[in-house]
Amino acid sequence: MTDTASHQPVRVRFCPSPTGTPHVGLIRTALFNWAFARHHGGTLVFRIEDTDTSRDSEESYTALLDALRWLGIDWDEGPEAGGDYGPYRQSERRAIYDDVVKRLLDAGELYEAFSTGDEVKARREAAGQDPQLGYDNYDRDLTEEQKERFRAEGRAPVLRLRMPAGELAWHDLVRGEISFDAATIPDPVMVRGNGDPLYPLTNPVDDALMGITHVLRGEDLLPSTPRQLALYAALRRVSVTDFTPEFGHLPYVMGEGNKKLSKRDPQSNLFLHRERGFIREGLLNYLALLGWSIAPDRDVFSVDELVAAFEIGDVSANPARFDVKKAEAINATHVRALDVTDFTERVVPYLIEAGVLPERPDEDRLATLRAIAPLVQERVTVLSEAALLVRFLFVDEESFEVEEAAAAKTFKGDAGDVLRASLDALGALEVWESDAIEQALKTALVDDLGLKPRKAFGPVRVAITGRTVSPPLYESMELLGREKSISRLSRALNEFEA
RNA sequence: GCUCCCAUCGUCCAGCGGCCUAGGACUCCGCCCUUUCAAGGCGGCGACGCGGGUUCGAAUCCCGUUGGGAGUACCA
């Protein structure tokens, strides 16, 4: 009989309960499980723990699938993938739990407990103990007569697991030796009074039945590991399984302050990051950095590199703070590394969303976009920022507007002279392309007017793009075209003089 | 309260007894490049919580302490 999982083919699982929108901490857990499985050529099982009908929803189930697919975290067994250990949604496994419960109950591993919370509390207090110690194992050795009496009162018993005496210890994959004194852990409830199996039962039972070899999960589950170990021992005694998996507890993902990143915090929402224009490569890279590193002097890497290098033993035990700034920096380098065509395709939806492009952009607009794309690519950290940079190229002349702050900052002092001189110089231009535009403007503004480049080009930029920050000026003007460029410069001049 | 986990720059990570007058990244600040903004280059600020041990030698091992966090449900 195999005692631990170390020599078996790796089978790990990701088993969220479908509540709310996907949280970055949850996805980090999925990522580590996935990387671990792929690194070892193992299997990733995706299981849905939807046993809490009051909180679970089909929307968040769909969202989970969406999130994993977007990031490319694929699973080998689970919903929509099938597998030999299904069903993979706990809501469809009730008969299985009922059977296991019966076996555990018959073997005396589980017992009926009739005590109410108030009764337990009263007993603790009467004994001079702190009620916060929890259940007192009072019902462990009830006689049949006592049980009958309770039933006659109309009480429906919960089923509790008989915890062993002594020490419950394991070698945690990320933390090393951990041990609990079993005496400090009250017999946990496994089945509700109404017969519904609870998470503390279903989770290990499914892990056992699905042959999970390594349980990699959040640190918040660490205190429940002892009772889990005890359940596993019981499951082995009733031959539901013949080995206990190894455990590894991943550190928390923290938010601002010293708290676990809350589901309420927008930063925790994976989809918000996607909407802002994080690309999967960047977000995946950053998420992997939360508790792990690929090398002492490098933190930008690809998914393939992650898989090749990932070792669970290298995961840090410290909580990690989710730092948007760093995430953006990592994302930006992945954005820049994209092939321009790829970048262009990915940015289109964001431009449509921002109203910069119509639902179905025509070929003209796409050509313009392709031309400006390389200049935008190195200027954004997230894709949604591109809208601000290219809007001036796509907006109708009637709706084109100069940003107020930009105008206030730039249209002053010599601005009128600059705009006039620019119009004169550009009007005389024979070919409308960036080199010629550059020459004409430099001659007119820097040489003839004797202005510093900074002073000289500011008003032109703002007049043309409406902003102080834009793609390179001459290329922008070339793409905008002579007619619109001239008209915007005139318009700016008129407004300046008015 | 009880149990458990964690402890290196502001943040994340490296360090697993000597290579450490502690390294990288993000942030911040300079400088260079430059038509703006970026990118890129160069440089700077900046940490081993504290106290005991162990050892020839400790950021690294042990104990304590302090601080932080989590769990303590008929939620998952």
Side-chain angles (χ1 to χ4, degrees), chain A residues 15-19 49-52 54-56 90 113 116-117 129-135 156-160 172 174-175 178-181 183-186 188-200 202-203 218-226 249 251-252 254 257-260 286 289-300 313-314 316-330 332-333 336 375-381 385 389 406 410 438 441-442 445-446 452-458 460-462 465 467-474 476:
Chain A
C15 51
S17 57
T19 58
E49 308 217 328
D50 52 352
T51 50
D52 184 350
S54 64
R55 299 197 314 164
D56 300 327
Q90 290 192 329
T116 65
Q129 297 167 337
D130 185 348
Q132 291 185 100
L133 256 23
Y135 181 61
V158 298
L159 264 28
R160 290 185 184 266
D172 195 272
V174 346
R175 281 150 219 271
I178 296 180
S179 76
F180 287 73
D181 177 357
T184 64
I185 305 164
V189 175
M190 295 281 136
V191 179
R192 274 185 178 142
N194 68 4
D196 288 347
L198 259 13
Y199 166 84
T202 59
N203 178 274
E219 162 178 9
D220 48 334
L221 273 327
L222 193 149
S224 74
T225 307
H249 291 90
Y252 282 112
M254 316 277 284
N258 271 36
K259 298 186 300 282
K260 195 177 149 186
Y286 180 67
L289 250 19
L290 260 21
W292 183 79
S293 68
I294 196 165
D297 57 354
R298 183 162 75 107
D299 55 18
V300 174
D314 291 339
S316 158
N318 316 13
R321 200 170 309 275
F322 189 89
D323 179 352
V324 193
K325 279 280 201 289
K326 174 129 185 188
E328 286 173 352
I330 297 286
T333 100
R336 273 177 252 120
L375 303 174
V376 171
Q377 185 173 6
E378 63 181 19
R379 260 157 258 260
V380 298
T381 58
E385 287 170 2
L389 290 173
T410 319
E438 173 174 4
L441 287 179
K442 275 189 171 159
L445 305 178
V446 179
K452 294 224 181 281
R454 191 182 175 77
K455 279 271 178 199
F457 299 105
V460 180
R461 177 184 308 282
V462 172
T465 68
R467 310 180 70 230
T468 53
V469 175
S470 77
L473 183 57
Y474 316 124
S476 294

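Chain identifiers are assigned alphabetically (A, B, ...) following the order of the sequence lines, protein sequences preceding nucleic acid strands; residue numbering begins at 1 within each chain. Because the structure is predicted, anything quoted here is derived from the model rather than measured. The analysis underlying the following values was restricted to heavy atoms, covering all of them including side chains, and did not include hydrogens, waters or symmetry mates.
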Distance between [atom1] atoms of [N] and [M] (Å, rounded):
N     : M     : atom1 : result
B/G68 : B/G49 : C1'   : 11 Å
B/G23 : B/U65 : C1'   : 30 Å
B/U27 : B/A39 : P     : 8 Å
B/G15 : B/G30 : P     : 34 Å
B/C19 : B/C61 : P     : 16 Å
B/U8  : B/G46 : C1'   : 12 Å
B/C13 : B/A7  : P     : 10 Å
B/C37 : B/A70 : C1'   : 45 Å

Side-chain N or O of [X] closer than 4.0 Å to phosphate OP1/OP2 of [N]:
X      : N     : result
A/R336 : B/G40 : yes
A/N318 : B/U8  : yes
A/S316 : B/C13 : yes

Just the rounded figure in Å: distance from [atom2] of [N] to [atom1] of [X].
X      : N     : atom1 : atom2 : answer
A/R298 : B/G24 : CZ    : C1'   : 12 Å
A/D323 : B/U27 : CG    : P     : 9 Å
A/E328 : B/A39 : CD    : C1'   : 16 Å
A/L290 : B/C12 : CG    : C1'   : 8 Å
A/D299 : B/U11 : CG    : P     : 17 Å
A/K326 : B/U27 : NZ    : C1'   : 10 Å

Using purine N1 to pyrimidine N3 plus N6-O4 or O6-N4 for Watson-Crick, or N1-O2 and O6-N3 for G-U wobble, each under 3.5 Å, what pairs with [N]?
N     : answer
B/C9  : none
B/C50 : B/G64
B/G40 : B/C32
B/C4  : B/G69

Validation row: [X], [Y] side chains within 4.5 angstrom (heavy atoms):
X      : Y      : value
A/I294 : A/D299 : no
A/H249 : A/R175 : yes
A/L222 : A/I178 : yes
A/R379 : A/V469 : no
A/V462 : A/T468 : yes
A/E438 : A/F457 : no
A/L441 : A/Y474 : yes

What nucleotide among [options] has an atom nearest to a side-chain atom of [X]?
X      : options             : value
A/D130 : B/U27, B/U36, B/G1  : B/G1
A/T184 : B/U36, B/U3, B/C26  : B/U3
A/I178 : B/A25, B/A38, B/C4  : B/C4
A/D297 : B/U35, B/C13, B/G24 : B/G24
A/L473 : B/C13, B/U35, B/U36 : B/U35

Between A/Y286 and A/D323, is there a donor-acceptor pair closer than 3.5 Å when you use the side chain of the first and the backbone of the second? yes
When we call it a touch if two heavy atoms are under 4.0 Å apart, what does A/G117 touch: a base, just sugar-phosphate, or nothing? nothing
Counting the atoms with a prime plus P, OP1 and OP2 as sugar-phosphate, which does A/T225 contact under 4.0 Å by heavy atoms, base, sugar-phosphate, or nothing? nothing
Nucleotides 61-76 of chain B: protein proximity per nucleotide (B base, S sugar-phosphate only, - neither; heavy atom, under 4.0 Å): -------SSSS--BBB
By nearest-nucleotide position on RNA chain B, the 5'-leaning member of A/A329 and A/P472 is A/A329
Hey, which of these two, A/I330 or A/E378, hits RNA chain B nearer its 5' end, going by closest nucleotide? A/I330
Using side-chain hydrogen bond (donor to acceptor under 3.5 Å, both in side chains), reason through A/R55 and A/T19 one step at a time and then give a plain yes or no. CA-CA 6 Å; A/R55 299 197 314 164; A/T19 58; 4.9 Å; no
Measuring from atom NZ of A/K326 to atom CG of A/L289, what distance do you get when rounded to the nearest 0.5 angstrom? 5.5 Å
With distance as the sole criterion, do the side chain of A/R321 and the base of B/C12 form a donor-acceptor contact below 3.5 Å? no
Donor/acceptor link under 3.5 angstrom from A/R454 side chain onto base of B/U35: no
